[in-house]
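Quick notes on the structure that follows.
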Amino acid sequence: MKWELEPLGYLASCYQEKFAIPRQPGLAPSARASLKLLAPYNQAAMVDGLEAFSHLWLTFLFHQNLEQGWKPKVRPPRLGGNKKIGVFASRSTFRPNGLGLSVVRLESIDTRQGVTLELSGIDLVEGTPVVDIKPYLPWVDAVPAARADWAPAAPEDVEVSFSNQAEEKLREDSQGDYLRQLIREVLQQNPRPAYQKIDPERDYGVRLAGHNVKFRYLNEQHLQVIAL
Ligand code: SAH
């Protein structure tokens, strides 16, 4: 049997490409998105009461990966990208049905014209189709004693610094303080693929909140933003 899913809306995200998006939500709390609901789901009635909740579950489609299908085993970055485990033992984006699940912060709800949800702490790329929204219930959804043997805590951060040139650009920008914080939160997740050796000559680039952020690895534990 097959079912059809209809998007409730498409996310407008500060993440304009997949590269460098943290591997789970909440790791970059400053990451913002807005979700404008589409008819017939854009009725204020459908979000009545939602303002009581600080966090939501979003169910969405990994739409950028759907065509690549899935494999029974994957290499999670957490295990250095060289050990394989079962796709259902992972949060891989390449999975049967291509559904993702993220808990995100609900900043505000705007019902002046249709319904727009302002969100933060997201791990989703621009244009992600959202197929369901549910309130996060801490007394049921948080299980502090739960076991996660090979992924017990958030990965360790690396150090992020800014070159003088990048720092100057940030100082000139009216959103500079916000951007500096966002860039730091995102890059300290160490976006380089785990299997890739560091090359101090290599420049990486990522589009983030309308900016082209260029960075380099000074060493395994330290990367520097060289230009914006
Ligand atoms: N919290 C979710 C997603 C974890 S994977 C879950 O556990 O189901 C997070 C990664 O998904 C990000 O690092 C990003 O690279 C990727 N991603 C985000 N939005 C995507 C999309 N629409 N299509 C494909 N990959 C996406």
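In this view, R192 and E220 satisfy the salt bridge (Lys or Arg N to Asp or Glu O under 4.0 Å) rule, not counting sequence neighbours. Listed by chain and number, the residues in a ring-ring contact (aromatic ring centres under 6.0 Å, His included) with Y204 are F215, Y217 (sequence neighbours excluded). Scanning for side-chain hydrogen bond (donor to acceptor under 3.5 Å, both in side chains) contacts around R216 gives D203, with sequence neighbours left out. Residues that satisfy the salt bridge (Lys or Arg N to Asp or Glu O under 4.0 Å) test with D132, not counting sequence neighbours, are K134.
Judged by distance alone, with hydrogens and angles left aside, the side-chain atoms of T59 form no donor-acceptor pair with the main-chain N or O of L101 at under 3.5 Å. Side-chain N or O atoms of R184 include one that pairs as donor or acceptor with a backbone N or O of V160 at under 3.5 Å.
When each of V186, T128, V206 is tested with Y15 by the rule side chain to side chain contact (heavy atoms under 4.5 Å, CB included), just one qualifies, namely V186.
Taking every heavy atom of both residues into account, P191 and L223 meet most closely at CD-CD2, 4.2 Å. Between H222 and S161, the shortest heavy-atom contact is NE2-OG, 2.8 Å.
The ring-ring contact (aromatic ring centres under 6.0 Å, His included) contacts involving residues 26-60 comprise W57-Y136, F60-F62, where partners must be two or more places apart or lie in separate chains. Evaluation of the side-chain hydrogen bond (donor to acceptor under 3.5 Å, both in side chains) test over residues 67-86, restricted to residues two or more places apart or in two chains, returns none. Applying the ring-ring contact (aromatic ring centres under 6.0 Å, His included) test to every pair with at least one member in residues 153-177, sequence neighbours left out, gives no pairs at all.
With rounding to the nearest 0.5 Å, the separation of CG in L182 from CG in L187 is 8.5 Å. One finds the CG atom of D177 at 8.5 Å from the CG atom of L170 (value rounded to the nearest 0.5 Å).
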Would you list the atom pairs, donor with acceptor, under 3.5 Å between side chains in residues 87-96 and any protein atom, with sequence neighbours excluded?
{"residue": "S90", "atom": "OG", "partner": "V87", "partner atom": "O", "Å": "2.8"}
{"residue": "S90", "atom": "OG", "partner": "S92", "partner atom": "N", "Å": "3.0"}
{"residue": "S92", "atom": "OG", "partner": "F94", "partner atom": "N", "Å": "3.0"}
{"residue": "T93", "atom": "OG1", "partner": "N65", "partner atom": "ND2", "Å": "2.6"}
{"residue": "R95", "atom": "NH1", "partner": "S90", "partner atom": "O", "Å": "3.0"}
{"residue": "R95", "atom": "NH1", "partner": "S92", "partner atom": "O", "Å": "2.9"}

Kindly list each side-chain donor-acceptor pair under 3.5 angstrom involving residues 143-157, sequence neighbours excluded, with atom names and distances?
{"residue": "R147", "atom": "NH1", "partner": "D149", "partner atom": "OD1", "Å": "3.2"}
{"residue": "R147", "atom": "NH1", "partner": "D149", "partner atom": "OD2", "Å": "2.6"}
{"residue": "D157", "atom": "OD2", "partner": "Q188", "partner atom": "NE2", "Å": "3.4"}

For residues 26-33, which side-chain donor-acceptor pairs fall under 3.5 Å, sequence neighbours excluded?
{"residue": "S30", "atom": "OG", "partner": "E185", "partner atom": "OE1", "Å": "3.0"}
{"residue": "S30", "atom": "OG", "partner": "E185", "partner atom": "OE2", "Å": "2.9"}

Give every donor-acceptor pair under 3.5 Å between a side-chain atom in residues 115-125 and any protein atom, sequence neighbours left out.
{"residue": "S120", "atom": "OG", "partner": "E107", "partner atom": "OE2", "Å": "2.5"}
{"residue": "D123", "atom": "OD1", "partner": "S102", "partner atom": "OG", "Å": "2.7"}
{"residue": "D123", "atom": "OD2", "partner": "S102", "partner atom": "OG", "Å": "3.4"}

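The hydrophobic cluster containing Y10, built from Ile/Leu/Val/Met/Phe/Trp/Tyr side-chain heavy atoms closer than 4.5 Å, also comprises L38.
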